[in-house]
Amino acid sequence: LRIREFVLTRKIRIQRDTDEMTGLRNKGSLTREINEFLEDNATEKGLLFVLDVDRFKYINDVSGHDVGDDVIMQLGGFLGSIFTNHEIVGRFGGDEFIVFIKNTNDLENARKIAKDLVEDVSNNVLLPDNEKGVSISVGIAAYNGQENNYSEIFKTASFAHGG
C-alpha cells in the first residue's frame, strides 16, 4: 500500500509540474525550482533566458491554432533535447519559454548560447506549410547573488529582449 501511495503521489506531482503540450516544466514548477536555487546561500551565479516566438499571434491567426500548437510542441521538444545538463527548462505560458543555467554568469557565453538558439530554432522548428523556420527572440539576465526571487531576474530578462 505504501509503494502504491508513493507512486501515486509522484504521478500527481509530475502532472502538477508538467506543461501538457511540451512535457517540460510548467510556470509553477519553473518558478518554484528557480526560487529554490536562488534561496540557497551557496549559489550566487545563474543565467536566465526568456524565449518567445516572433509573430506568434500572426502564426495562430493566419495558419490556425493547430499550427501554433505544433510550433509550441516542436519548440518544447527541441529545447528539451538540447538542455540536458541540470538546467531548469520549461514553458512559462503561451509562446514563452524559460531556460535557467545554474552556476555561471558569463554574459559572453550567454550571448553565444542565445545566438545559437536563434539559429538552431530556425533550422529545427518549422512551419508545416512551407517548411519555413520559426524565429524567436531571446532575453538574457545574469543572476549575481543579489536578486531574491525569480520575478526580479525575469523582469531584467524581459526588458533585455524587448518583446
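The aromatic rings of Phe37 and Tyr143 lie perpendicular to each other, with more than 60° between the two planes, well past the 30° mark.
Here the side chains of Val138 and Ile136 are in contact, with some heavy-atom distance below 4.5 Å. At least one side-chain heavy atom of Asp17 sits less than 4.5 Å from a side-chain heavy atom of Arg32. In this structure the side chain of Ile88 never reaches within 4.5 angstrom of the side chain of Ile98, judged on heavy atoms. Residues Ile153 and Leu38 have side chains in contact (heavy-atom distance under 4.5 Å, counting atoms from C-beta outward). Taking 4.5 Å as the limit, every side-chain heavy atom of Val71 sits out of range of all side-chain heavy atoms of Asp95. Counting heavy atoms from C-beta outward, Ile34 and Asn149 have side chains that stay 4.5 Å or more apart.
By the neighbour-count criterion of 12 heavy atoms within 6.0 Å, atom CD of Glu152 is densely surrounded, having more than that number from other residues, nucleotides or ligands.
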- Begin with the C-alpha distance, continue with both residues' side-chain angles, and end with the deciding distance and a verdict on salt bridge (Lys or Arg N to Asp or Glu O under 4.0 Å) for Glu96 and Arg91. CA-CA 6 Å; Glu96 197 162 55; Arg91 180 174 171 223; over 6 Å; no
- Test Leu75 against Val134 for side chain to side chain contact (heavy atoms under 4.5 Å, CB included), laying out the working first. CA-CA 9 Å; Leu75 182 53; Val134 170; over 6 Å; no
- With side chain to side chain contact (heavy atoms under 4.5 Å, CB included) as the test, would you mind laying out the steps for Phe154 and Thr31 before giving the verdict? CA-CA 10 Å; Phe154 181 77; Thr31 305; over 6 Å; no
- Passes side-chain hydrogen bond (donor to acceptor under 3.5 Å, both in side chains), Thr43 versus Asp40? Steps please. CA-CA 6 Å; Thr43 62; Asp40 183 345; 5.0 Å; no
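The structure places CE of Met73 at 11.0 Å from CD of Glu20, a figure rounded to the nearest 0.5 Å. One distance of note links CD1 of Ile113 with CG of Leu107; it measures 10.5 Å at 0.5 Å rounding. Separating the CG atom in Leu117 from the CD1 atom in Ile82 is a distance of 5.0 Å, to the nearest 0.5 Å. Summarising the geometry, atom CG belonging to Asn109 is positioned 7.5 Å from atom CG belonging to Leu47; distances are rounded to the nearest 0.5 Å. Atom CZ of Phe83 and atom CD1 of Ile101 lie 5.0 Å apart (nearest 0.5 Å). In this structure, Glu39 CD and Asn148 CG are separated by 9.0 Å, a value rounded to the nearest 0.5 Å.
Nearest heavy-atom pair across Ile140 and Ala114 is CD1-CB, 3.8 Å. Considering all non-hydrogen atoms of both residues, Leu24 and Val89 come closest at CB-O, 4.0 Å.
In this structure, Phe49 has its ring center at least 6.0 angstrom away from the ring center of Phe97.
Residues Ser29 and Asn26 bring no donor and acceptor atom of their side chains to less than 3.5 Å of each other. Judged purely by distance below 3.5 Å, without hydrogens or angles, the side chains of Asp70 and Gln74 pair a donor atom with an acceptor atom. No hydrogens or angles considered: nothing links the side chains of Asp106 and Thr104 as a donor-acceptor pair under 3.5 Å. Checking Asn144 against Asn105 by side-chain atom types alone, a donor-acceptor pair falls below 3.5 Å.
Transitive grouping of hydrophobic side chains (ILVMFWY, heavy atoms separated by less than 4.5 Å) keeps Leu126 and Ile59 in distinct clusters. By the rule that hydrophobic residues join a cluster once side-chain heavy atoms approach within less than 4.5 Å of another member, Met21 and Val67 end up as members of one cluster.
Looking at Asp19, its side chain never comes within 3.5 Å of a backbone N or O of Arg25 through a donor-acceptor pair. Looking only at distances, a side-chain donor or acceptor of Asn124 sits under 3.5 Å from a matching main-chain atom of Asp120. Side-chain atoms of Ser122 come within 3.5 Å of backbone atoms of Glu119 as a donor-acceptor pair (strictly under, hydrogens ignored).
Look at Arg111 and Glu108 and you find a salt bridge, because one of the NZ, NE, NH1 or NH2 atoms lies within 4.0 Å of a carboxylate O, short of that distance.
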